[in-house]
There are 2 protein chains.
Amino acid sequence: MSERGAAEGGLRERKKRATRAALAEAAIRLAAEHGVDKVTVEAISAAAGVSERTFFNYFDTRDDAFVVIDSEATDRVRAALLAAPAELSPLEALRDALAAELAGAEQDHELWGLHAGVLRSAPHLLVRSLGAHMADETALAEAVAARLGTPVAVPDGAGPPGEEERRAALELYPRLLAALAHTAVRVGVEHWCSRREGDSFAEVFQQVFTLLAAGLPAPTR
Amino acid sequence: MSERGAAEGGLRERKKRATRAALAEAAIRLAAEHGVDKVTVEAISAAAGVSERTFFNYFDTRDDAFVVIDSEATDRVRAALLAAPAELSPLEALRDALAAELAGAEQDHELWGLHAGVLRSAPHLLVRSLGAHMADETALAEAVAARLGTPVAVPDGAGPPGEEERRAALELYPRLLAALAHTAVRVGVEHWCSRREGDSFAEVFQQVFTLLAAGLPAPTR
DNA sequence: CCTGATTTTGCAGAGCCTGCACTTTTGCAT
DNA sequence: ATGCAAAAGTGCAGGCTCTGCAAAATCAGG
């Protein structure tokens with residue numbers, strides 16, 4: 001498993017992290033070997049050396065064990081977005097922040113591969129995974145807004161009249177950009193997976209953002 | 001419930017549709033009244049006048065009953081996309097096809113409102129709902145590709161060398177556009193819901209596509 | 001070592017979901 | 001109308017998921 005930040009905290013927190021990691025890893029390995037829906041919570045717990053009840057102290061749902069890899073990734077993307085050079089457009093800054101994170105993710109190669117295989121074999125888990133990422137979307141939108149110096153949400157009934165429309169557009173933009181981030185990643189991954197060989201993932205990713213920045217023109221044959 | 005196409009088919013299919021609709025409607029009404037997780041399959045089935053077992057003949061999962069509204073919507077969008085005037089760009093054609101469908105959806109006002117409320121109160125159902133729509137994404141991508149006269153997927157090892165890159169880009173485009181369709185709808189709905197009054201949904205929707213067509217420029221304050 | 005806080009565990013029980021065999025309903029041809 | 005085959009609905013047994021609760025084990029600090 002990833003060792004990022006594994007040495008911090010007292011014995012208690014280290015043990016907790018270890019238990020969670022053990023459960024998640026056991027879940028993925030068992031799923032990769034026997035198929036997702038043949039893996040019971042009982043089996044996962046046994047493989048991780050804890051009781052079945054403890055599993056549910058760490059994951060709300062059996063499926064959650066197959067989904068969450070790195071809960072800090074979204075924080076890093078946000079930080080990268082805020083730290084990006086000011087001369088980059090919001091779209092460019094977002095592109096670079098995502099590219100950096102995705103490049104880093106390719107380090108944890110073995111588990112990432114197993115994960116990809118498991119998610120590909122179980123669409124409903126893929127959906128769940130996307131949903132988990134989506135939960136961070138509001139936070140990402142706020143980061144975009146902060147970069148623009150624009151509030152993503154404002155209290156009711158404030159501001160002079162006539163400003164409504166402009167404010168609405170300003171709030172829409174960060175939301176849209178944050179949503180596009182996940183869409184871009186998803187489409188990039190799907191397209192990249194659907195082709196046995198060819199472009200590297202980074203290249204596909206660039207293509208996606210090129211199309212977005214160009215306003216989605218009809219491609220020429 | 002929606003009566004669209006309710007008169008088609010024989011008695012058998014009409015009854016099936018009615019049963020499914022009754023289950024879905026019962027689920028939503030019960031959820032709106034008592035809260036999603038206080039509604040059991042038993043209660044839904046009883047309200048719809050069928051056995052608990054029958055519920056699972058129609059829905060794979062309890063949650064599915066809260067999610068699917070109209071399984072034919074995607075077919076209509078695809079048809080509209082293919083029937084759109086040739087002079088429209090793919091993005092414009094997609095915009096209009098979606099707008100037409102969404103305008104139609106606003107007819108079924110009462111259930112649509114209950115639905116929105118239920119999904120807003122249960123994020124995991126919202127995720128599921130998005131996932132359901134995502135499942136149609138490949139079909140939509142194929143429609144986009146058909147409009148362009150471009151295959152979205154090609155058999156392995158065909159075609160002259162050097163054509164790889166261009167073909168990759170051609171395959172990427174429909175996928176991206178299809179994915180953007182759902183993103184646009186989602187962001188539009190979210191943004192629209194987050195503001196008590198103001199723009200109509202149609203206006204918000206237009207704004208989203210204007211931003212996309214312009215290549216996501218940084219908004220000016 | 002003792003105490004309080006946190007974590008783990010076992011257990012009971014409700015609810016979700018599936019496979020299977022069986023009954024009822026529907027479509028259709030005679 | 002009647003009979004037959006296919007489709008839909010039903011009942012039941014049983015396994016798995018998930019929750020609340022209280023007891024036991026583990027960690028942190030005086």
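Protein chains get the first letters and strands the later ones, always in sequence-line order, with residue 1 at the start of each.
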Test side-chain contact (heavy atoms from CB on, under 4.5 Å) applied to A/R95 and A/L91, step by step:
CA-CA 6 Å; A/R95 176 196 62 193; A/L91 188 64; 5.8 Å; no
Could you state the CD-P distance from A/E52 to C/dC11, rounded to the nearest angstrom?
12 Å
Any pair with a residue in residues 44-57 of chain A that passes salt bridge (Lys or Arg N to Asp or Glu O under 4.0 Å), sequence neighbours left out, goes on the list, sorted by first then second residue, please.
none
Mind checking ring-ring contact (aromatic ring centres under 6.0 Å, His included) for A/F209 and listing every partner two or more places apart, or none if nothing turns up?
A/F205
Please determine if B/E42 and B/R62 form a salt bridge, counting it only when a charged side-chain N lies under 4.0 Å from a carboxylate O.
no
Could you list where the contact with chain A starts and ends along DNA chain D, reading 5' to 3', using a 4.0 Å heavy-atom cut-off?
D/dT17 to D/dA28
Do the non-hydrogen side-chain atoms of B/K16 and B/R12 ever get within less than 4.5 Å of each other?
no
Evaluate A/R29 against A/E25 for salt bridge (charged side-chain N to carboxylate O under 4.0 Å, His left out), listing each step before the verdict.
CA-CA 6 Å; A/R29 292 197 184 284; A/E25 181 165 345; 3.0 Å; yes
List the residues meeting side chain to side chain contact (heavy atoms under 4.5 Å, CB included) with A/A122, not counting sequence neighbours, and say none if there are none.
A/V36, A/H124, A/L125
Mind checking side-chain hydrogen bond (donor to acceptor under 3.5 Å, both in side chains) for B/R20 and listing every partner two or more places apart, or none if nothing turns up?
none
Given C/dT7, is OP1 or OP2 found less than 4.0 Å from the side-chain N or O atoms of A/Y58?
no
Ion pair present between B/E13 and B/R17, side-chain N to carboxylate O less than 4.0 angstrom?
no
Separation of A/N57 atom CG from C/dT6 atom C1', in whole Å?
11 Å
Under the rule for side chain to side chain contact (heavy atoms under 4.5 Å, CB included), what residues qualify as partners of B/E190, not counting sequence neighbours?
A/E137, A/R175, B/R186
Protein-nucleic acid N or O pairs under 3.5 Å, nucleotides 18-21 of chain C:
residue : atom : partner : partner atom : Å
C/dG19  : N7   : B/R53   : NH2          : 3.0
C/dG19  : O6   : B/R53   : NE           : 2.5

Can you tell me how far P of C/dT7 sits from CZ of A/R17, to the nearest Å?
13 Å
Using a heavy-atom distance cut-off of less than 4.0 Å, which residues of residues 37-46 of chain A contact DNA chain C?
none
Only counting residues at least two apart or in another chain, list the ones meeting side chain to side chain contact (heavy atoms under 4.5 Å, CB included) with B/A43.
B/L30, B/T40
May I have the list of side-chain donor-acceptor pairs in residues 77-86 of chain B shorter than 3.5 Å, sequence neighbours left out?
residue : atom : partner : partner atom : Å
B/R78   : NH2  : B/D75   : OD1          : 2.8

For A/F55, give me all partners under ring-ring contact (aromatic ring centres under 6.0 Å, His included), at least two apart in sequence or on another chain.
A/F59
Per-nt protein contacts along nucleotides 22-30 of chain C (heavy atom under 4.0 Å; B base, S backbone sugar-phosphate only, - none) come out as ---BBS---
